[in-house]
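Here the structure comes first, spelled out in structure tokens, and everything after it is commentary.
As a basis for the values below, the full set of heavy atoms in this structure was taken, side chains included, without hydrogen atoms, waters or symmetry mates.
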Amino acid sequence: MLDNLQLLFSYPVLGADLIANGLMIGSIFALAAFGMALVWGVLGIINIAQGEFVMLGGFVALTAAEFGVPPLATIPIAAAGLFVIGWGLYRLVIFRIVDRDLFVSLLATFGLSIVLQQLSNEVFGADVQTLETGLGTLYLLDGQIVLPEIKLVAFGTALIVGLLLWAFLKRARLGQAIRATAQNARAARILGIDTDRVYAATFALNAALCGAAGSLVVMAWTIHPYIGLPYTVRSFLVVVVAGLGNIIAVIAAGLGLGALENLAGFILGTEYQIAFVFVAMVVILVVRNWVLRRKREYLK
Amino acid sequence: MSVLLEVQGVTKTFGGVVANQSVSIEVRAGEIAGLIGPNGSGKTTLFNSIVGAHAIDEGSIKFEGEEISTFRVPVIARKGMLRTFQQTRIYGEMTALENMRISAPEARVSALSLLGGFSSKTDTRGEELLEFVGLASKRFLRAGALSFGQQKLLEFAMALMSEPKLLLLDEPTAGINPTLINGLIDRLKQANKELGVTLLVIEHNMRVIMNLAERITCLAHGEVLASGTPDEVRNDPRVVDAYLGAG
Amino acid sequence: MTSVQKYGLMGFGLVVSLGAPFLAPQFATQLTMLWLMVVFALTWDVLGGQMGYNSFGNILFFGIGAYACAIIQRDLGFDYFVGLAVGLGIAGVFSALVAVVLGVGMLGLRGHYFAIGTLGLGIAAGEIAGGWDYVGAGSGMVPPLYPTGLEGREFFFYFAMFALAVITFAALRALYQTRFGLALNAIRDDEDKAEAMGLHTTQIKSVAWAVAAVFLGVAGGLTGNLLGFIDPRDIAFAGATFGVWMVLMAVLGGKGTLWGPVIGAVVFHVTQELFWTYLLGWQRVALGLLIIAIVVFFPNGILGTLRERFPEWFGERMEERS
């Protein structure tokens, strides 16, 4: 561990490489975090199955590619596929837990995550898989920073989707209905908004965002049926840091987490990278709460 | 009479909205003090500042001469200052008597001191106080199953059970059947006289507060408008304006 | 129920429990696991049911106990039974200490934050143990073996686990009858009110977590020895199995009740042992569906539902009396 730290000090450009790659990966975290913030803000549910949606998005992209779809074109397919799955899951399960206490919604989505994991294991197999994009690699600064182009694609996609989402929530009728419902569901109902449909659309939109993220994960990295939970925790972490209402902050927090995680993975060793994510979440929660308590407030 | 609670120049804003602007009030040991004001005049905000529910921006709050404006709720409670809530709060899944038991002063000594059982003295005291507020026959009922007015009385009894020096009551008569209000006023006065509890009462009902309090402070738009005896406040033209005028 | 019937029933249960491993020695290990499940559900309910803090990471203390006990046994070189006894004691104490230390920060969190924070703790522990060579990293740890040539290994562990379950039950029963039990319920019903009344909520919560951790730590030490192998992610910090089961069993039986977790554990474990093998690869799909079905349609559990229907069975009074 100390050796790696020393290495990093001797060759700062190595750090730049790690950070650049981390930022790109972080943009994928931001995508899934948009969705979590939406569902949390509008339905009041923290979706533990968030990471499983990412994982499913990856498998949808893989399957589409097997049918001959060019890799980059699988991104919208994964999003669309997950939109349908999200809508279906809302109609099957989620609508029953919208107004229930947090214990019910947490545990129910936790159950959902186990089901999705296991079904994927049965359908797609437990192997670690990746989707070859055929894109090249960029060598910056005389090859000292190595950046696969697919990560740039991921980065761009996350930014564009974030922008589209922002415009959608501000301008589109459904987007406005979503924001109204988030602020006050009862008032929205009285004003004639079909909140049940808004909930369904929000949840499906969340799944679609995760689906897009998943297709990027499978191209830039790898997936297998059990990678879900770390993605859930990353989304949660990003949302806790960035807050529910701010898309720019979500992107920034996502990128920051990606960079930090990549650095930590290098310094501590990759076997501790996941542990780092979870410990970081616990530490951030506790510290934030402690800071608030000094102001006589709580994390709520 | 010595000053028990001294609030000086307290200012509290919520994101630019001024809820309290340099508010000063004092409560003397043994009295019943009243706090009135139109809706949104900052009464409950002031309560929350005093008991430590949120930080204040400026000013000082002294309880028995000690600065408490940075302490948190439980610490202040253990010093002998309690509050009841406008939206009544009781432990809904426990029986009325259990609510009383856990409110006894010995329950807040330390966590380990709780490992003992219940003393019969505590139970007797709890039953006496339930009797005092007229809930004796309901002592084995689930508190959450009581009516709103009964829960309010239970919350009052719990507060008395913990033997506070100063009790802050947030609209004790709101939501209580009008025919029972006179009885409640008597009980508040009795608690003040016989149990020696100093009271600071927020009240909307002018008739109640004029009957109850010895000194009254009126807030409007977050600032102290007037203070003095009930008669002085009642006849203050600014108070009349605040209630009948635009405010 | 009259007290005669009650103690009769409990006596009958005791006789069955004591005789079970002799009547069905081939199932001794499964029966031992049954008592482990009872400990799981009971200890989860201290926070989850009685105090209203839904921990998704109590498995942490089980895993810490398993490793602590095995390390003591490995490094101190005692005779097997002495080592086990010392190891179990230290496992319990150490787990409780960890609970107190973590509790200071974690138990200040509320609602979602506590639930997800504890989930993170449990998984982080598994990941760290899986990379740490001192405890065998990913390949796990093998606690010392039960002395060869000595008969009755199954019986020994059965009765040890049974005793642990009974002690856990008795201790929690006694705890719930003190003022401490009321304080836990007060925090569950309205923590802000409990604070406003001056209760030492932070201390109370930490002590409660430590109590759960003691029994989980000892259970972890015993289980490591029983199974003869400690895998970081699949046994010690098995969040996806044991960790979820403990929540599910308590909810199934009725959280916030004394007997609910016991009943939930028995029902769940027996169902699992009877039907799980027929499900082949689909066990965990079934588990997930079961979780959803129970929390969505049956959140009060067996005892909670009975209590709603027949409150007088539970000594709850509906009518006034003077």
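The distance from the CG atom of C:Leu248 to the CG atom of A:Leu107 is 7.0 Å, given to the nearest 0.5 Å. To the nearest 0.5 angstrom, A:Phe278 atom CZ is 7.0 Å from C:Glu127 atom CD. Separating the CD1 atom in A:Ile114 from the CZ atom in C:Arg284 is a distance of 5.5 Å, to the nearest 0.5 Å. Between C:Leu109 atom CG and A:Leu285 atom CG the span is 5.5 Å, to the nearest 0.5 Å. Between atom CE of residue A:Met281 and atom CG of residue C:Leu119 there is a gap of 6.5 Å, rounded to the nearest 0.5 Å. Between the CZ atom of A:Phe236 and the OH atom of C:Tyr113 there is a distance of 6.0 Å, given to the nearest 0.5 Å.
In this structure, the side chains of A:Glu122 and C:Trp282 come closer than 4.5 Å at one or more pairs of heavy atoms. Looking at heavy atoms from C-beta onward, A:Ile48 lies in side-chain contact with C:Ile116 at the 4.5 angstrom threshold. Residues A:Leu106 and C:Asn54 form no side-chain contact, since every pair of their non-hydrogen atoms from C-beta on lies 4.5 Å or further apart. Residues C:Val285 and A:Gln117 form no side-chain contact, since every pair of their non-hydrogen atoms from C-beta on lies 4.5 Å or further apart. At a threshold of 4.5 Å between non-hydrogen side-chain atoms, the residues C:Val251 and A:Phe103 count as touching. Looking at heavy atoms from C-beta onward, A:Phe110 lies out of side-chain contact with C:Ile292 at the 4.5 angstrom threshold.
For chain C, the option among A:Asn121, A:Val282, A:Val287, A:Leu229 with the highest count of heavy-atom pairs below 4.5 Å is A:Val282. The candidate with the highest count of non-hydrogen atom pairs below 4.5 Å against chain C, out of A:Val277, A:Thr232, A:Val233, A:Leu119, is A:Leu119. Chain A forms the most heavy-atom pairs under 4.5 Å with one residue out of C:Val244, C:Thr118, C:Leu102, and that residue is C:Val244.
No more than 12 heavy atoms of other residues, nucleotides or ligands sit less than 6.0 Å from atom CZ of C:Phe94. Within a 6.0 Å sphere centred on CZ of A:Arg197, other residues, nucleotides and ligands contribute 12 heavy atoms or fewer. In A:Gln183, the CD atom is not crowded: 12 or fewer heavy atoms of neighbouring residues, nucleotides or ligands sit closer than 6.0 Å. Summarising the local packing, CH2 of C:Trp132 is surrounded by 12 or fewer heavy atoms from other residues, nucleotides or ligands at distances under 6.0 Å.
Within the 4.5 angstrom heavy-atom criterion, no atom of C:Val104 approaches chain A. Proximity to chain A is limited to the side chain of C:Phe56, based on heavy atoms less than 4.5 angstrom apart.
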* Take C:Val296 and A:Arg100 through the side-chain contact (heavy atoms from CB on, under 4.5 Å) test and state the conclusion after the steps. => CA-CA 9 Å; C:Val296 172; A:Arg100 306 281 290 275; 4.3 Å; yes
* CA sep, side-chain torsions, deciding dist, call: A:Arg96, C:Phe297, side-chain contact (heavy atoms from CB on, under 4.5 Å) -> CA-CA 9 Å; A:Arg96 295 177 204 277; C:Phe297 297 111; 3.8 Å; yes
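Annotation for A:Ala275 and C:Ile128: closest pair CB-CG1, 3.8 Å, computed over non-hydrogen atoms. Heavy atoms only, all atoms of each residue included: A:Val279 and C:Ala124 are closest at CG2-CB, 3.7 Å.
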